[in-house]
Amino acid sequence: MTDHPAESPDVTVHETLPARVLLGAGARHCVPDECERLGARSVLLVSTPSAAAPAGELADALGPRLAARFGRPAAHTPVAVTADALRLVDEVSADAVVALGGGSAVGLAKALSVRTGIPQIAVPTTYAGSEATPVLGETENGVKTTRRAAAIAPGTIVYDPELTLTLPPGLTLTSALNALAHAVEALWAPDATPVTDALATEAAEGLLTALPRVLDAPAHPGHRGHLQSSAWLAGLCLAGTRMGLHHQLAHALGGTYDLPHAALHALLLPHVLSFNLPSAPHAAARLSRATGGADPVAAVARLARSYDGPTTLADLGVPHDGLRAIAERVAAAPHPNPRPVTADSVEGLLEAAF
Ligand code: NAD
């Protein structure tokens, strides 16, 4: 998404963010060289406990260049956690930050980088796609606010599919469906361009092809690589277009009830597809191509239902009497969507997801 020239409403604008992207098995071993390339002498390594083994390996490889480690990034980037990490940046005069982990680690590095100007290297271990976007969502006192600025986007991204081998099947499934949601919403976005259409189509096809293969053979490096590179394309869709009803719902529900990000996206997606696709023939045609002609709603619903964790809002712990308030909030919040949104129609969707 980009600022539209007000005087030329029919003109489409596409902006591409500069990023150096390394892809491939073993790419994580290039991180020290990437630090050298940035001229970094005092690196802060941010990682989640799930990435303890590769983070330890990376810390050793960074040698004297490693200034400090921060091991407790949290979902939705709480500003209190960022403040703690910022103190560490100051203490060690960090001149670069490396994030190794899921969207939580990547989000913290973005928050540090945008506050200090130090460059960041993102090494993602899930399919959330945050590393490819100039978007940062932060929470303070239970309220999540999102901002967008080119300076937020990591300048270096390292995609190593070997880092995703430890993702359990459930998280593999829900995180990949989280990625698919970015591609789906880019297909019906009002500011879609030929570039985002191409990215979204390729991303959807790749995710829907690679995901069942990875679930069948989770340790297959080729399938993992295909899934990860498709999730990268999906992240670029999130970077390049304005998201619609699906992301509004995920934001409102996730922020209000502190729900697991990927599981929430996964269970909502078939319902939003069913709601929107009749009003989005272009997206429907491209998704049908991605599913080899099968009904996209049924194909995604089948995947979402196969999750061994919560597959309904009720299972996630959302109270039934909270649905109307979420529907009203989402209907009142300005966002682009192919089908007009009312509180009643959104409440119907939420009832179905409940
Ligand atoms: P996450 O980083 O919180 O990770 C989810 C869980 O998976 C955690 O328990 C983590 O420890 C574990 N995990 C991660 N990688 C693993 C691996 N390889 N093996 C085993 N376990 C692993 O969640 P996420 O879904 O990656 O990201 C969600 C966060 O990212 C949210 O805060 C969301 O708002 C943000 N996000 C931001 C953007 C953006 O553009 N700003 C885009 C997508 C997501």
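Numbering of ligands and ligand atoms starts at 1, following listing order. We use all heavy atoms of the structure for the numbers below, so side chains are in, but hydrogens, waters and symmetry mates are not.
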Show which atoms of ligand 1 fall inside a sub-4.0 Å distance from at least one heavy-atom site of K144.
34 (O)
What protein heavy atom is closest to atom 41 (N) of ligand 1, reported as residue, atom name and distance in Å?
V135 O, 2.9 Å
Under 4.0 Å from one or more heavy atoms of G102, ligand 1 contributes atoms 2 (O), 26 (O)
Nearest-neighbour protein heavy atom for atom 21 (N) of ligand 1, which is reported as residue plus atom name and distance:
S50 CB, 3.5 Å
Which residue supplies the protein heavy atom nearest to atom 32 (O) of ligand 1, what is that atom called, and how far is it?
H76 N, 2.7 Å
At under 4.0 Å between heavy atoms, is it the side chain or the backbone of H261 that contacts ligand 1, or both, or neither?
side chain
Give the minimum heavy-atom separation between P340 and S345, together with the two atoms involved.
O-OG, 4.3 Å
Taking NZ, NE, NH1 and NH2 as the nitrogens, is one of them in R148 or E15 under 4.0 Å from a carboxylate oxygen of the other?
no
Enumerated ligand 1 atoms positioned under 4.0 Å from heavy atoms of T166:
17 (C), 18 (N), 19 (N), 20 (C)
The one among T133, L171, L238 that brings a heavy atom closest to atom 12 (C) of ligand 1:
L171
salt_bridge(R87, D84) N-O dist < 4.0 Å
yes
List ligand 1 atoms under 4.0 Å from K110, heavy atoms only on the residue side.
39 (C), 40 (O), 41 (N)
For the residue pair H265 and H247, is the inter-centroid distance of their aromatic rings smaller than 6.0 Å?
yes
Who's the nearest protein heavy-atom neighbour of atom 15 (N) of ligand 1, and how far?
T125 OG1, 2.7 Å
Would T126 count as a polar contact of ligand 1, with the cut-off being nitrogen or oxygen pairs under 3.5 Å?
yes
Any heavy atom of A75 closer to ligand 1 than 4.0 angstrom?
yes
At their closest point, which heavy atom of A234 faces which heavy atom of L207, and how far apart are they?
CB-CD1, 4.3 Å
Considering A128, G254, A105, which one's heavy-atom position lies nearest to atom 43 (C) of ligand 1?
A128
Check this for me: does any side-chain nitrogen of one of E138 and R147 sit under 4.0 Å from a carboxylate oxygen of the other?
yes
Output the list of atoms in ligand 1 that are nearer than 4.0 Å to some heavy atom of L163, sorted by atom number.
18 (N)
Closest contact, heavy atoms only, R242 versus A189
O-CB, 3.6 Å
For atom 23 (O) of ligand 1, find the nearest protein heavy atom and state the residue, atom name and distance (0.1 Å precision).
G103 N, 4.0 Å
Students should be able to answer this: which protein heavy-atom is nearest to atom 1 (P) of ligand 1, and at what distance?
S104 OG, 3.4 Å
Protein contact of atom 36 (N) of ligand 1 - nearest heavy atom, named by residue and atom, plus distance:
S130 CB, 4.0 Å
Heavy-atom nearest pair, V318 first then F354, reads O-CE1, 3.2 Å
Shortest non-hydrogen contact from G244 toward E185
N-OE1, 3.0 Å
Among V214, T164, T209, which one satisfies side-chain contact (heavy atoms from CB on, under 4.5 Å) with L227?
V214
Sub-4.0 Å protein heavy atom near atom 7 (O) of ligand 1
yes
Dump the intermediate steps for salt bridge (charged side-chain N to carboxylate O under 4.0 Å, His left out) on E328 and R324, then the final yes or no.
CA-CA 6 Å; E328 286 176 0; R324 180 71 197 179; 2.9 Å; yes
